[in-house]
Amino acid sequence: MNSILVFGSINIDLVTKTPRLPIAGETVNGSDFFTAPGGKGANQAVAAARLGMMTHLVGRLGDDAFTHQLLASLQAAGVQTDKILRDTSTSSGVAVILVDEAGENQIVITAGANGQLNQTDVARLKPLLPTATALLMQLEIPLLAVIEAARTAHDAGVPVILDPAPAQDIPPELYSLVDIITPNQIEASQLVGFAVDSLETAKQAAPILQQRGVKTVILTLGNQGVYCSTPSESFFVPAFPVQVVDTTAAGDAFNGALAVALAEGLPIQQAVVWGAAAGAISVTQAGAQPSLPNREALAQFLTDVETRHGASLRNIRGVVFRSD
């Protein structure tokens, strides 16, 4: 059976809602607090598994009170967890998240077990590659481990999809191992050295990343939409209008749905539409993994959009606008 592999982080999210995000040195009152399973690796795995794809997560958990909760959430979503190592020398990863009334967030991450991933973890990945349609990765784990995992998948002919988050510089050797890169505005801006905050600047940024060795660049532009540049074409998918509650897992929802659509043989245009729709659904609910849609919710959302637009999403008409 074909599968999607995710190599990455597993966190417990400690979330506080607040009227607005504080500035440096300021204290603001929170209005609500909850914990939720998270971590970009775990979120991407849950996003793909909920859409019906066999999904394996390779990562680490610590030895603490959060371990059982994090494993149970993954397993409930259908994620295969037998390649997750329990590291008794450290804690599980923790993300402290502030969310304001507009749904924007600030996040501080303590890596814990995620910071210990290395070549021994990549070794657990190798037996899964023969049936894999893609390897999803992020940057909440050590960069050396990301490079080694990307090289291992690349050498096995498995496409590598990289969400370069949190934002940081990427070494040249990693670019050439990546088939699809999916930065948001902040991440893209750091990678190319100028503000990527519009369709026009996205058109300028994508070729720079492709010149570094990435085959396909997908730039998520928040409430503007998604710009995609492949070796043969480029196009723009306008954002789906929704009521934003919490943007925490939007990128993870996007990447999971993108990978599933490609695994099912859909063209890149439709895969980006799936990703944009999954991301739109996720921002309408609080929490990371709790906000990730299942297949039924994604299908219903796309049907509703198709009805409103009076156009067939199957053929991308009325939704994707070419920008060549």
Side-chain angles (χ1 to χ4, degrees), residues 2-4 6 40 43-55 77-79 103 133-134 136 159 161 163 180 182-184 199 202 216-230 233-323:
N2 288 342
S3 64
I4 288 173
V6 182
K40 295 193 73 63
N43 293 346
Q44 289 184 355
V46 169
R50 283 194 181 153
L51 294 178
M53 178 63 64
M54 173 70 73
T55 305
V79 176
T133 58
L136 285 170
I161 301 175
D163 179 6
I180 300 175
T182 62
N184 66 16
L199 177 56
T216 294
V217 176
I218 301 176
L219 300 169
T220 58
L221 303 173
N223 61 9
Q224 297 179 69
V226 182
Y227 176 72
C228 178
S229 178
T230 78
E233 64 177 340
S234 60
F235 58 89
F236 179 70
V237 178
F240 297 110
V242 293
Q243 183 65 45
V244 176
V245 173
D246 180 359
T247 62
T248 302
D252 304 324
F254 180 93
N255 281 276
L258 175 80
V260 170
L262 293 175
E264 295 187 5
L266 295 179
I268 186 67
Q269 299 96 333
Q270 185 68 18
V272 171
V273 169
W274 276 37
I281 295 169
S282 76
V283 304
T284 64
Q285 301 179 56
Q289 289 176 29
S291 73
L292 300 170
N294 59 24
R295 188 63 171 254
E296 182 180 2
L298 179 65
Q300 185 60 57
F301 183 89
L302 291 172
T303 298
D304 291 345
V305 170
E306 183 175 320
T307 299
R308 289 197 302 271
H309 284 263
S312 173
L313 287 178
R314 185 179 302 277
N315 296 318
I316 324 296
R317 291 193 300 271
V319 176
V320 174
F321 300 99
R322 313 200 73 77
S323 56

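Residue numbers count from 1 along this sequence. Values below: every heavy atom of this structure, side chains too, minus hydrogens, waters and symmetry copies.
- At a threshold of 4.5 Å between non-hydrogen side-chain atoms, the residues L219 and V217 count as touching.
- Of all heavy-atom pairs spanning I281 and P293, the tightest one is CG2-CB, 3.8 Å.
- Counting only heavy atoms from C-beta outward, the side chains of W274 and L258 never approach each other to under 4.5 Å.
- Residue Q269 holds its CD atom at 8.0 Å from OG1 of T230, rounded to the nearest 0.5 Å.
- Among residues two or more places apart in sequence or in another chain, the side-chain hydrogen bond (donor to acceptor under 3.5 Å, both in side chains) test is passed with Q224 by none.
- Within the model, atoms CZ of F254 and CD of Q44 stand 11.0 Å from one another, a figure rounded to the nearest 0.5 Å.
- Between Y227 and T220 there is no side-chain heavy-atom pair separated by less than 4.5 Å.
- Between Q243 and T284, the closest side-chain pair of non-hydrogen atoms is not below 4.5 Å.
- Heavy-atom minimum distance, V244 versus G103: CG1-CA, 4.0 Å.
- With respect to I161, the side chain to side chain contact (heavy atoms under 4.5 Å, CB included) criterion is satisfied by exactly one of L136, I4, V6: L136.
- Across V273, I218, L221, a single residue satisfies side chain to side chain contact (heavy atoms under 4.5 Å, CB included) together with V226, and that is I218.
- The SG atom of C228 sits 12.0 Å away from atom CZ of F236, with the distance rounded to the nearest 0.5 Å.
- Under the 3.5 Å distance criterion, the side-chain polar atoms of S291 are left unmatched by any main-chain donor or acceptor of A286.
- Of all non-hydrogen atoms in A239 and N223, the two that sit nearest each other are CB-O, 3.3 Å.
- Side-chain contact annotation: T182 with N255, donor-acceptor N/O pair under 3.5 Å present.
- Between V245 and V283, the closest side-chain pair of non-hydrogen atoms is not below 4.5 Å.
- The side-chain hydrogen bond (donor to acceptor under 3.5 Å, both in side chains) check on T55 picks up nothing, with sequence neighbours excluded.
- For D252, the side-chain hydrogen bond (donor to acceptor under 3.5 Å, both in side chains) partners at least two apart in sequence or on another chain are K40, N43.
- Nearest approach of A250 to S282, heavy atoms of both residues: CA-OG, 3.3 Å.
- Distance check: T216 OG1 to E233 CD gives 9.0 Å after rounding to the nearest 0.5 Å.
- Counting heavy atoms from C-beta outward, I268 and L262 have side chains that approach closer than 4.5 Å.
- Distance CD/E296 to CZ/R50: 13.5 Å, rounded to 0.5 Å.
- A distance below 6.0 Å separates the ring centres of F240 and F301.
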